[in-house]
Amino acid sequence: MVSDSDESADLSWLLNDDETQLSPCIQGRSNETVQDVASTSSLMPHFLAMGFAREMITKAIEESGDGNSESVLDLLLIYSSLDGTTSRNEDKAESDENRWEDDASSDFDEMDLELEMAGQDSISNKLQFLVKMGYDQDEVSSAIQRCGENASVFELADSIYAAQTEKEEEFGDCDPSSAHEQKDEDKYDPFLHDHKRQRFDDGASSTHRNDNQKHGHLKWAYGRPSTTIRRHEGGGDDDREAELFLPNSMVGFGLPMDPKRQLSRELPDVAQCPPFFYYENVALAPRGVWDTISRMLDDIPPEFVDSKYFSAACRKRGYIHNLPIANRFHLKPVPPQTILEAFPSNQAHWPEWDKRTKFNCLQTVVASSKLTEQIHAELKAHPNPPSPDVMKRVMKECRKWNLIWIGQNRVAPLEPHEVEFLLGFPRDHTRGISRTERYRSLGNSFNVDTVAYHLSVLKGIYPNGIRILSLFSGIGGAEVALHRLGIKMTAVLSVEKSLSNRNLLNSWWKETGQEGELQEVDDVRKVDDAILECFIRRHGGFDLVIGGSPCNNLTGSNRLHRVGLQGEHSSLFYHYYRILSRVRYLMGKH
DNA sequence: TCAAGGATGACAATTGGT
DNA sequence: ACCAATTGTCATCCTTGA
């Protein structure tokens, strides 16, 4: 129930201490240029808070020349999208073997070298970066002219796409009469291109960026701590009901059974054109990560959802998408909502002092036998029920490792098929690969019921089938969700690095008798215009671009390399952005 | 395949001050 | 009673070396 009028209210109360610390930098952005040394040094904590490495920031500040925070950010994002490793510049002289494993990366390496040589010229950097991303050089040049030299790479990419859209309009590819319907969210037209682009057209990019930044906080109001919001909403009985909609309950735009769920929202103009896209990642990422992701994906605020409202296991995730949100429906049959409903046979051994009703997030690894044996030994040695101290220790491990009771005083991790069940996959979906692999692939996957709830709106829109680009497909959570929704997949381009996962998806595709064409690619970095254009020529385009990029460097479970979006794996997010941009451009061209 | 390995951030509860 | 600061509790799509 976060309406626009609420959002436009005074939001200074949303800013916590960390954010007030950032304000000098944000203010710095609103100035045309920030050249004094004091302001430049203030950029460091700002970008550190965004998750960039210190060396990378130092390099970016040096190379940006003018110390303008916006050009520094551009450089940082360019570095990040080139390679996650921040130390690579010191390693320049060394061999390249540990950087990219395949040929697809070689042009990025060249690009990096060129960046080195280009030195101070950030305009040239941007131009080269965008050309390397696949944009036409002339188009980039005119975009720089339109947006000004200070425009960020996002704005430039955005502007190029806008120009394409407008060109398309001139050729009459789009029916202007349908433009009147776009206000009506319930009648979302997936083929409606937006013509009223004015976000970056006046060239005052830095002030716009500033507005976007502030707006970002506005839109994130529902993502803030409930204590603050509750205070804001005032007292009375409404508080009880309001809690359902509060951010920390992570219900997104509302649950299926909730009559007061939000039914419409205002999407940025740029997001109101095909294809639909759906992006997923862990909700509890380091500070600033979702801000960056959101900024790159049309400034759409994430929909944070905990899958505990859809299954017997928690799964806190953020989803950024441009799907309509009215008329969502729940996948049938509705899965068991509690642990004991899911596994009734374990009730006999479940001690009454284990009050869990939901599992925590299902992870990629499970508890060792040593741990479960320790617990067994400890409980056996103590009276029943055990002392509060023992009880507390046991419960801590049970919660941490999602253990279930399989006998008197005996606990065990979930079996792979039980994890499949909890996540909404068919039984033995991952069978055939090693046990360890199964846990890892499942732990990295979607919760099918949650994703299907979001995707259910597509059923009415595409009665004849859907063409999808599935990035980071994994074991095919998106495909399974669409299949279970009864949405026919006429063509799928699936990108997944793991061979065993690709094999799984392939077998599932055949076993379930899919009539559509499944094309598999092994690396997002190999997805170029040629591949995309080939698919588009063959099938006419994409209806949905879906995927969740690696969370390895974002999740709290990673004790060693939780370094944020620029991490080795998580930086692949930028390829999601790149590919989505290319798909939009190429579809506009055809 | 197993076992061992903390840090970060959200939130609740508490404290301490006015 | 209120606000701010502090402390406590809890959860987290994991990596590495053996």
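Below, chains carry the letters A, B, ... as their sequence lines are ordered, and counting in each starts from 1.
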Does any non-hydrogen side-chain atom of Thr292(A) lie less than 4.5 Å from one of Val289(A)?
no

Residues at least two apart in sequence or cross-chain that pass salt bridge (Lys or Arg N to Asp or Glu O under 4.0 Å) with Glu373(A), listed by chain then number, are none

Find the distance Leu554(A):CG to dA11(C):P and express it as a whole number of Å.
21 Å

Would you mind classifying the nucleic acid contact of Ser549(A) as base, sugar-phosphate or nothing, using non-hydrogen atoms under 4.0 angstrom?
base

Nucleotide nearest Leu284(A) (side chain, heavy atoms from C-beta), chosen from dT1(B), dT12(C), dT15(C):
dT12(C)

Of the candidate nucleotides dT15(C), dT12(C), dG6(B), which contains the atom at the shortest distance from the side chain of Asn558(A)?
dT15(C)

Of the listed dC13(C), dA10(B), dT12(C), the closest approach to the Asn444(A) side chain comes from dC13(C)

Which residues pass the salt bridge (Lys or Arg N to Asp or Glu O under 4.0 Å) test with Lys316(A), sequence neighbours left out?
Asp306(A)

Looking only at the side chain of Asn552(A) (C-beta and beyond, no hydrogens), which of the listed nucleotides dC13(C), dT15(C), dA10(B) gets closest?
dT15(C)

Rounded off to whole Å, could you give me the CZ-to-C1' distance for the Arg559(A) and dA11(C) pair?
12 Å

Whole-Å gap separating C1' (dC10(C)) and CH2 (Trp401(A))
16 Å

Of the candidate nucleotides dT12(C), dT15(C), dA11(C), which contains the atom at the shortest distance from the side chain of Thr555(A)?
dT12(C)

Applying ring pair (Phe, Tyr, Trp, His ring centres under 6.0 Å), name anything that partners Tyr319(A), two or more places apart in sequence or on another chain.
Tyr278(A), His454(A)

Starting from the 5' end of DNA chain B, give me the residue, Ala285(A) or Ser434(A), whose nearest nucleotide shows up first.
Ser434(A)

Rounded to the nearest angstrom, tell me the gap between atom CG in Asn553(A) and atom P in dT12(C).
19 Å

Contacts of His330(A) that satisfy side chain to side chain contact (heavy atoms under 4.5 Å, CB included) - sequence neighbours left out:
Pro256(A), Phe310(A), Val334(A), Pro335(A), Asp449(A)

What does Cys551(A) touch in the nucleic acid at a heavy-atom separation under 4.0 angstrom: a base, only the sugar-phosphate, or nothing?
base

Near DNA chain C, which residues from residues 366-381 of chain A have a heavy atom under 4.0 Å away?
none

To the nearest 0.5 Å, atom CD of Glu420(A) lies from atom CZ of Arg431(A) at 9.5 Å

Rounded to whole Å, the CD-C1' distance (Gln363(A) to dA4(B)) equals 16 Å

Closest of dT8(B), dT12(C), dG6(B) to the Cys361(A) side chain is dT12(C)

Glu280(A): salt bridge (Lys or Arg N to Asp or Glu O under 4.0 Å) partners, not counting sequence neighbours
Arg317(A)

Taking the six-membered ring for Trp, is the centroid-to-centroid distance between Phe573(A) and Tyr279(A) below 6.0 Å?
yes

Output one line per pair: protein atom, nucleotide atom from nucleotides 16-18 of chain C, and distance, for all N/O pairs under 3.5 Å.
| unit_1 | atom_1 | unit_2 | atom_2 | d |
| --- | --- | --- | --- | --- |
| dT16(C) | OP1 | His561(A) | NE2 | 3.0 |

Give me the stems containing DNA chain C, sorted by first residue, counting only three or more consecutive Watson-Crick or G-U pairs with both distances under 3.5 Å; say none if there aren't any.
B:1-5 with C:14-18, B:7-18 with C:1-12

What is the distance from CE of Met250(A) to C1' of dA10(B), rounded to the nearest Å?
9 Å

Taking only residues two or more places apart in sequence, or in another chain, which ones meet Glu418(A) in a salt bridge (Lys or Arg N to Asp or Glu O under 4.0 Å)?
none

Pairwise side-chain hydrogen bond (donor to acceptor under 3.5 Å, both in side chains) hits with a residue in residues 358-369 of chain A, at least two apart:
Gln363(A)-Ser557(A)

What pairs with Phe359(A) under ring pair (Phe, Tyr, Trp, His ring centres under 6.0 Å), at least two apart in sequence or on another chain?
none

Let me confirm one number: the CD1-CG distance from Ile466(A) to Leu458(A), rounded to the nearest 0.5 Å.
4.5 Å

How would you list, by chain and number, every residue that makes a ring pair (Phe, Tyr, Trp, His ring centres under 6.0 Å) with Phe425(A), sequence neighbours excluded?
His429(A)

Arg562(A) atom CZ is separated from dC14(C) atom C1', nearest whole Å, by 11 Å

Taking the C1' atom in each of dC11(B) and dC13(C), what is the distance between them to the nearest angstrom?
22 Å

P spacing across the pair dA3(B) / dT12(C), given as an integer number of angstrom:
23 Å

NZ of Lys396(A) versus P of dT12(C): gap in Å, rounded?
14 Å

Nearest nucleotide by nearest heavy atom, which residue falls closer to the 5' end of DNA chain C, Thr364(A) or Arg399(A)?
Arg399(A)

